[in-house]
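Just so it is clear, the values below take in all heavy atoms, side chains as well, and ignore hydrogens, waters and symmetry mates.
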Amino acid sequence: MLLLIFFIPFRYTPPPGCETNFVEDKGDFGKYQAWQFTLHILSAITAGVNMMSLVTVAAVPDHRCEITGIDVNGTYTHLNHSLLEVFVPKLPSGKFDSCSLLNITTNTSYPCDSWVFDHTHYGTSRAIEWSFICDQRWMGAVAQSVYMFGVFMGAVVLGNLADKVGRKPVFCWSAVLQLLLGVGVAFTPEYFSFLFIRFLYGIFGSAGSYIPGFVLTMELVGPKRRSMCGVAFQAAFAVGIMLVAGWGSFIKDRQLLQVVYGCHAIILIGHIWLMDESPRWLWGNGRTKEAVDIVKKALKMNGSPVNLEAAEFVSKGKSEERTTNEDAGVTDLFKTPNLRKKTLNIMLCWFANSLVYYGLSLSTGNLQGNPYVILFVMGAVELPSYVVTVYAMDRLGRRSLTAFDMIAGGICCIVAANLTMGSVASTSFVFIGKFLIAGSFAIIYNYSAELFPTVIRNSAMGLGAMCARTSGALTPLITLLDSFDPKIPSITFAIIALVSGFLVTLLPETLHKSMPQTIEDGERFGIGDTCFTTCGKSHDDDVETEKPLTKKTQSEQMQPLK
């Protein structure tokens with residue numbers, strides 16, 4: 001007999017012979033879900049803080065070569081244009097070279113070995129201490145890429161670990177470790193130990209708690225609230241970016257600043273006592289009594305009249321036998337033609353969205369103006385994007401909105417690259433591009449989950465996340481190409497976004513469609529449905545009636561999303 005823990009509103013299917021169906025009158029998001037969701041979403045805030053911390057902690061201020069007799073005691077002296085022309089050569093772009101000086105006698109340029117930095121906005125930073133400039137710019141890019149590779153490893157390793165030992169243990173241990181690593185990395189004395197700790201920091205700082213927190217929410221709330229809660233996680237991440245800017249504007253010492261960033265993990269420590277394990281995970285792993293105790297607690301908090309103690313089958317619950325389909329894995333995504341096309345398309349979509357999102361987020365140092373204001377606005381501009389996305393995605397559909405956001409976002413990158421760097425117009429197009437890409441990046445989570453069948457949905461989501469983390473790690477390295485031409489990074493981001501955006505139009509729409517359950521369902525789903533065949537059709541015409549869950553599909557819906 002089966003207890004179907006169906007998102008705790010709580011609606012469940014009673015055992016055979018029992019006709020009663022209990023539906024919690026509070027809907028899909030009662031007091032219990034709201035409380036647990038509040039605990040879960042805090043992990044998204046700390047993930048945003050940790051992910052973007054290097055933007056300020058290792059910021060590269062305006063700098064130039066030290067001019068003997070002019071810059072006394074290594075202090076940056078603001079020189080007018082005519083004086084700079086005497087000592088500093090110009091680049092082909094017309095800007096002054098920050099890595100060379102002019103030999104006044106021979107009027108030839110030569111590379112310098114000491115620099116002075118403008119401390120108007122930054123006090124100390126890793127870039128100043130270790131000279132992440134000129135021919136050593138790669139050191140700063142590698143530091144950010146190493147962190148992203150840590151996030152990649154965390155998504156793979158900790159995601160699987162959370163399926164085996166539970167969501168809560170991985171969440172809580174990661175919270176403790178991100179606190180220790182976030183504070184400890186501030187005191188690393190040299191570059192390579194800094195890289196190693198940054199790698200571990202990426203594993204636990206932006207993956208360890210965030211992924212289990214997201215999964216816990218998706219397994220807890222009802223289907224009507226999933227889109228809103230999923231997008232809310234993205235919004236909380238943006239709040240973390242805004243906190244990075246806020247603290248950076250007040251704290252000028254990079255060591256103290258990193259300690260403050262790391263201490264944000266303190267808000268997750270109390271979860272050890274306050275947060276519950278996923279009852280769906282507990283039930284699926286045979287820990288029936290613990291699952292039922294949490295369900296009873298939730299029912300009580302939600303004011304539900306359902307009395308689980310009266311249900312005789314509760315104490316007799318047992319795990320269902322695994323079916324062949326439940327053993328499906330990532331290779332099944334590529335075995336059949338329709339699934340293979342959708343998988344490759346979605347992989348590129350994750351890659352492109354992450355590349356452009358982090359490319360624009362990490363480019364704040366190249367924009368003119370107060371860097372903290374720019375970074376804050378870069379995070380703040382995401383919030384209205386998510387509001388529009390939540391409203392529009394259930395009305396316009398996932399496919400058309402994702403394609404529009406990516407294509408329009410790519411065009412914004414091209415326009416911004418061809419305007420004067422740092423001008424109001426160029427900066428405005430960068431912000432508009434971030435607004436659009438933030439929206440498509442949020443949609444892709446839900447869209448991916450709805451495109452693929454239940455038995456391989458975890459694998460599809462995990463594969464997409466791996467593509468996103470890969471592009472996130474490549475982004476800092478791509479930005480180094482501006483040494484050849486300042487337009488190259490933006491044009492690269494734009495081309496990938498445009499190609500992926502156009503390919504998204506070939507995917508099927510999932511709005512108002514029943515999600516596929518088996519491999520066979522996934523292969524049949526969306527055949528012949530592209531933007532060019534159905535975009536003019538009303539989404540209301542596509543509504544499919546949800547089929548009653550069979551024993552097999554009940555078990556499949558118990559599978560968690562990663």
Measure the shortest side-chain to side-chain distance between [X] and [Y] over non-hydrogen atoms and say whether it is less than 4.5 angstrom.
| X | Y | value |
| --- | --- | --- |
| I346 | L451 | yes |
| V244 | M51 | no |
| Y122 | V60 | no |
| L339 | D332 | no |

Atom [atom1] in [X], atom [atom2] in [Y]: separation rounded to 0.5 Å?
| X | Y | atom1 | atom2 | value |
| --- | --- | --- | --- | --- |
| I488 | L480 | CD1 | CG | 11.5 Å |
| C413 | I437 | SG | CD1 | 6.5 Å |
| L344 | K341 | CG | NZ | 10.5 Å |

Is it the case that the side chains of [Y] and [X] hold a donor-acceptor pair, with the cut-off being a distance below 3.5 Å and no angle test?
| X | Y | answer |
| --- | --- | --- |
| Y210 | S174 | no |
| S440 | R398 | no |
| S100 | S109 | no |
| N103 | T108 | no |
| Y261 | N50 | no |
| H40 | T217 | yes |

Are any side-chain N or O atoms of [X] and backbone N or O atoms of [Y], one a donor and one an acceptor, separated by less than 3.5 Å?
| X | Y | answer |
| --- | --- | --- |
| S500 | A497 | no |
| S131 | I133 | no |
| R399 | Y447 | no |
| K168 | S278 | no |
| S145 | A141 | yes |
| T475 | S471 | yes |
| S206 | A47 | yes |
| H121 | P371 | no |
| S209 | F171 | yes |
| H119 | G123 | yes |

Mutual orientation of the aromatic rings belonging to H63 and F117 [parallel < 30°, tilted 30-60°, perpendicular > 60°] = tilted
Return yes when the gap between the SG atoms of C99 and C112 is under 2.5 Å; return no otherwise.
-> no
What about the rings of Y201 and Y147, do their centers lie closer together than 6.0 Å?
-> yes
Using the benzene-type ring in the case of Trp, are the ring centres of F204 and W173 under 6.0 Å apart?
-> no
Greater than 12 external heavy atoms within 6.0 Å of [X]'s [atom1]:
| X | atom1 | answer |
| --- | --- | --- |
| F196 | CZ | no |
| K252 | NZ | yes |
| K90 | NZ | yes |
| F502 | CZ | no |
| M153 | CE | no |
| F435 | CZ | yes |

Which is it for T188 and R126 under the side chain to side chain donor-acceptor pair (under 3.5 Å) test, yes or no, and what are the steps along the way?
-> CA-CA 11 Å; T188 48; R126 289 291 193 183; 2.9 Å; yes
Full working for side-chain contact (heavy atoms from CB on, under 4.5 Å) between M406 and N353 | CA-CA 8 Å; M406 295 187 71; N353 273 281; 3.4 Å; yes
Stepwise side chain to side chain donor-acceptor pair (under 3.5 Å) check, W350 with S448 | CA-CA 9 Å; W350 279 85; S448 299; 2.9 Å; yes
Scan for side-chain hydrogen bond (donor to acceptor under 3.5 Å, both in side chains) pairs involving residues 377-390, sequence neighbours excluded, and state none if there are none.
-> Y357-E382, E382-Y386, E382-K434
Only one of F87, Y110, W115, F96 clears side-chain contact (heavy atoms from CB on, under 4.5 Å) with C65; which?
-> W115
With a distance cut-off below 6.0 Å to the six-membered ring centre and an angular limit of 45° from the axis, does R64 pair with Y76 as a cation-pi contact?
-> yes
